[in-house]
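First up is the structure itself, then whatever we jot down about it.
Counting convention: from 1, in listed order, for ligands and their atoms alike.
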Amino acid sequence: MANPDSELEELRQQAQILQHINESVISMDLAGFITGWNSSAERLFGYSADEVMGRNVLFLYADENDEDISFEDVFLNRGGREMEVRRRKKNGEVFWARLQLSVMRDEDGQPNGLIGFLSDISERRDAAEQLRLHARIFEQSDEAILITDAQEKIVSVNPAFARITGYSAGEVMGETPRKFRSGRHDAAFFEKMWQQLLDTGYWQGEVWDRRKDGEIYPKWLSIGSVRNSVGDITHYFSIFTDITDRKRAEGRIHHLAYFDALTGLPNRAQFSRLSDQALMASKRKEGFGAVLFIDLNRFKPINDTLGHVVGDKVLQETANRLRACLRGADVVCRLGGDEFAVGLFEIANREHAANVAQKLLATLDDPIVIAGRELKLGAAIGISVYPDDGMDTETLLRQADIAMYRAKQTGPDGLAFFSEDMNQRAADRMNLEAGLRRAIDRDELLLYYQPKVNIESGAIIGAEALVRWRHPERGLVPPAEFVPVAEESGLIVHVSNWVLEAACKQIRQWADAGLPAMHIAVNLSVRDFSSGLPARVQELLERHGIGAEWLELEITEGMLMHHTATVIAMMDEITALGVSLSLDDFGTGYSSLSYLKRFPIDTLKIDRSFVIGIPGDTDDCAIAGAIVGMSKQLKHNVIAEGVETAEQLMFLKSLGCDEIQGYLFSPPVPAETFAGMVRDGKRLVA
Ligand code: C2E
Ligand code: MG
Ligand code: MG
C-alpha cells in the first residue's frame, strides 16, 4: 500500500524540481484553465503564478485564432504533440516557443488535464528566418554576387552573375575572379584595390571586365572580406552591376553638354574648360596665348533666304575648314549661331596670332559650294592676347568679341587685335611683310660677310654670309627684324633662295679672282631644311661651277628635333656632296651629347650669349668649357661667335677653342671689304 506521507513527499519534491527546471511548465485542465505555473514560466512570461492560476491559457496566445489546441489532436498523437507557437508576454512582447503538450491522466487512466513544456526559440527562429531571407536575396538580386574562399577560389555565384557575365555557376566554381580581367587595368590598380580591401575590409569602384563572349564591359563593383570570430578572413564577396548602359548614357549626356550637335565642335562650356587648362599650362611656361573670336560675314542673309538646311551645311563646312587650318594643340569651338572661337596656346609670340587669323580668313574667304551654288561668306576675326589682355578665357573671349566688332567696322582685312598697341604692331608687321615681298623683286637684299678666323694662326678661314635689307626709307634693316617675319609668313623660302643664289654667285667671283677656297657659311631656316635641300644644293654647285669645299650650311638645334631618321639621311646626302654643316647658336637648344653624336656635323658654334659673360661669369665660362670639351670628344670643330674682347679670346684659346668670329676681328662687311682682308692677309693679333 502506498504510504500517503511518502507519496506527499514525492509530490513536493516533484513540485520543487518543476520550479527549478529551465523549461516553463504549465499545466491546465481539459478546458484549458491553468492549474500549474512554474518559476521558469514566471520568468519567461512575466506573470506570477497568482496572476495566471485559474485563467484560460488562451490569454497567452499571440494571435486570437492561432493554432487551436485540439485536445483530440493531442490524444491522437498518442498522448503528446510538439509544435512551434507564438506567445505573448506580460509586457506585450511576442515570441516563438517550442511547445510540447502531454496528456495527464488520473488513477483510472482517464485524461484529466494537459501539461505543456515551453521553451523560447525566438533566436533560433530568427536565425533560420534570416538564412532563408538571405538565400532569397542572393537568388533574386539584380546585382551579381560572387563569393570566394580566402584563397580567392569561387565558391558561389548567383543567377544575376550568370546573366551578366555569361558564365554558368558550374563554369566558374573553383576559379579565381582573375579569369574575368579585361586587361584594361594595370597592376598598380589592383594593388591599390587589394591594399584598401585588406586595410578597411571594403573596396568599391568602377572596373572593366570581360564577359564569356569576350566583350569588355564596365561594372560598378563592391568587394568585401568576411572574417571569422578570431579575425581570419574566411571569404571575399563581390557584388556588381553592369553599368554599360549608364556609361553610354553618360557619354551621350557628356557629348550633348560639351559639344555642338551640328558641327561636332566643342561648345562654349567645353572651350572654356579646355582653354582654361591650356592657359594654366601657358602660365607655368610663361608662354603666350591668344583667343580668336570669329564671326561669319554673310551668314544671316544666306540662312534667311536659302533656308536652314543650307545654313546648317555652311556652318558644318566652316567648322571643317577651321579644323583643317589648325594644329592639334589649338582649340576651336562653336560659340553659337555663326560665331566660332579659336584658342591658340602654343604660339611663340603675340604677332603669330595674326598669322593664324589671316590663314583662317583666307580659308573662309573661299566660296562654299552647296548644291551647285557658290556662297561667298567671309569673316571677321577679333584677337585678344594672353596674358596682356586677360588671364582667363571669359575675359579673353569678351575682349576678342569687342575686337571682332572693330574688325567688322574698320578693318578692310577683317582682323583686329583688342589692344591698340597690338593693332599697331600687327600693322607694322604687315607693312614689313608687304615691303619684304617687294624687296626680293626689287633686289633690295644684299649679303654682308663676317670673317671667321683660326685662333692659333690668326688667319681668315672663311666667312658667314649675313643677309641685309636696304630699305628705301629706313636704310639697312638687320635680319633680326625681318627674318622672323619672313619665317612666319612663308616668305623665307624666297629669301633663302635669294641668299643661296647670291652667295654662290659671290663664291664664283672670288674663285675666278683667285681667292683661295674657304668655307662661306649660309644660314638656313627650318623651312629650308626639307627633303629637297640636298638636290637643290647640288644643283647650285653645278650651275655656278663651284667646288663643294667653298660651301658651309649653318643650321640650328631646332631643326634636328623632328623625324630624326629622315633628318640624318638628308644631312648625310649633303655632307656626301662635300658641303660642311655647322650647328649655330649651340647651347640655346636642348641637344645632349648622345643626341649630337648621331648627326654628321663638322662644327659647333658656341652661342654669343655664352661668350658675352666670358671671363667674368663663371656659369658662362663653364658652359663654354663644356661645349669645347664635348666638341673635342665628338671630334667636331668648335667656333665661338660674338667675340668682342681680347679677354674673351684669351679665355677661349685657353679652353682649346679652334676658331672665333666677332667684332674683335671684324663686324660683317660688304663682299669687297672681305675680299680685301683676305688678299691683304689680315690676321688676328692676340
Ligand atoms: P647668327 O647666324 O647667329 O649670326 C650671327 C649674328 O651675330 C649676326 O647678326 C652678326 O652680325 C652678329 N655678330 C657677329 N659678331 C658679333 C659681335 O662680336 N657682337 C655682336 N653683338 N654681334 C655679333 P645679324 O647679321 O644681325 O644676324 C642675326 C641673325 O639673323 C643670324 O644669327 C641668323 O640667325 C639670321 N640670319 C642672318 N642672315 C640670314 C640668312 O641669310 N638666312 C637666314 N635664314 N637667317 C639669317
Ligand atoms: Mg649663323
Ligand atoms: Mg649664331
Among protein heavy atoms, which sits nearest to atom 29 (C) of ligand 1, and what does the distance come to when rounded to 0.1 Å? Pro479 CG, 4.4 Å
Go through ligand 1 atom by atom and flag the ones less than 4.0 Å from a non-hydrogen atom of Glu464. 1 (P), 2 (O), 4 (O)
Check for me whether Gly642 has a heavy atom closer than 4.0 Å to any atom of ligand 1. yes
Polar side-chain atom of Arg406 near backbone of Phe418 as donor-acceptor pair, under 3.5 Å: yes
Are any side-chain N or O atoms of Arg327 and backbone N or O atoms of Glu346, one a donor and one an acceptor, separated by less than 3.5 Å? yes
Taking the six-membered ring for Trp, are Tyr449 and Trp510 parallel (under 30°), tilted (30 to 60°) or perpendicular (over 60°)? perpendicular
Tell me the protein N, O or S atoms under 2.8 Å from the Mg ion (ligand 3), in chain and number order. Asp584 OD1, Asp585 OD1, Glu641 OE1, Glu641 OE2
Are Arg321 and Glu317 ion-paired here, with the side-chain N under 4.0 Å from a carboxylate O? yes
Proximity to ligand 1 by part of Val643, non-hydrogen separation under 4.0 Å: backbone
Please list the nearest protein heavy atom to atom 3 (O) of ligand 1 with its residue and the distance rounded to 0.1 Å. Asp585 OD1, 3.2 Å
So which heavy atom in the protein is nearest atom 1 (P) of ligand 1, and how far is it from that ligand atom? Asp584 OD2, 3.7 Å
Would you call Glu487 a ligand 1 contact, heavy-atom distance under 4.0 Å? no
Nearest-contact summary for atom 6 (C) of ligand 1 - protein heavy atom, Å: Leu466 CD2, 4.8 Å
the protein heavy atom lying closest to atom 42 (N) of ligand 1 turns out to be Asn523 O, 3.3 Å
Under 3.5 Å side-chain donor-acceptor pair for Asn355 and Glu351: no
Contact partition for Val522 relative to ligand 1, non-hydrogen atoms under 4.0 Å: neither
What protein heavy atom lies closest to atom 19 (N) of ligand 1? Include the residue and the distance to one decimal. Glu644 OE2, 2.5 Å
For the NZ atom on Lys283, are there more than 12 heavy atoms of other groups (residues, nucleotides or ligands in this structure) within a distance under 6.0 Å? no
Heavy-atom contacts under 4.0 Å between Lys605 and ligand 1: side chain, backbone, both, or neither? neither
Measure from the side-chain N and O atoms of Gln399 to the backbone N and O of Asp389, and report whether any donor-acceptor pair falls under 3.5 Å. yes
Any donor and acceptor pair, going by atom type alone, linking the side chain of Asp602 with main-chain N or O of Leu581 inside 3.5 Å? yes
Closest protein heavy atom to atom 16 (C) of ligand 1, given as residue, atom name and distance to 0.1 Å: Tyr663 CE2, 3.4 Å
Where does Val499 meet ligand 1, judged by heavy-atom distances below 4.0 Å: at the side chain, the backbone, both, or neither? side chain
Inspect the surroundings of NZ in Lys505 and state if more than 12 heavy atoms from other residues, nucleotides or ligands are less than 6.0 Å away. no
Among Ala521, Ser525, Pro484, Pro451, whose heavy atom sits nearest atom 44 (N) of ligand 1? Ser525
Nearest heavy atom to atom 15 (N) of ligand 1 wins, so pick from Arg527, Gln661, Gln450. Gln450
Do Gln270 and Arg273 have a side chain donor and acceptor closer than 3.5 Å? yes
Output for pair (Leu415 CG, Ile294 CD1), nearest 0.5 Å, gives 11.0 Å
I'd like to know if Asp512 pairs up with Arg508 as an ion pair, taking the criterion as any Lys NZ or Arg NE/NH1/NH2 lying under 4.0 Å from an Asp or Glu carboxylate oxygen. yes
Using 4.0 Å as the upper bound for N to carboxylate O, is an ion pair formed by Lys605 and Glu552? no
Sub-4.0 Å protein heavy atom next to atom 12 (C) of ligand 1: no
Go through ligand 1 atom by atom and flag the ones less than 4.0 Å from a non-hydrogen atom of Pro668. 11 (O)
Does Phe345 have Lys285 sitting over its ring (NZ/CZ under 6.0 Å from centre, angle to axis within 45°)? no
Flag the pair Asp658 and Lys632 as a salt bridge only when some basic side-chain nitrogen lies within less than 4.0 angstrom of an acidic carboxylate oxygen. yes
Which of the numbered atoms in ligand 1 are below 4.0 angstrom from a heavy atom of Gly662? 15 (N), 18 (O)
Find, among atoms of Glu464 that are N, O or S, the one nearest to the Mg ion (ligand 2), and state its name. OE2
Distance from atom 38 (N) of ligand 1 to nearest protein heavy atom, with residue and atom: Val467 N, 3.2 Å
May I ask you to check whether Ser609 and Asp607 show a side-chain donor-acceptor distance below 3.5 Å? yes
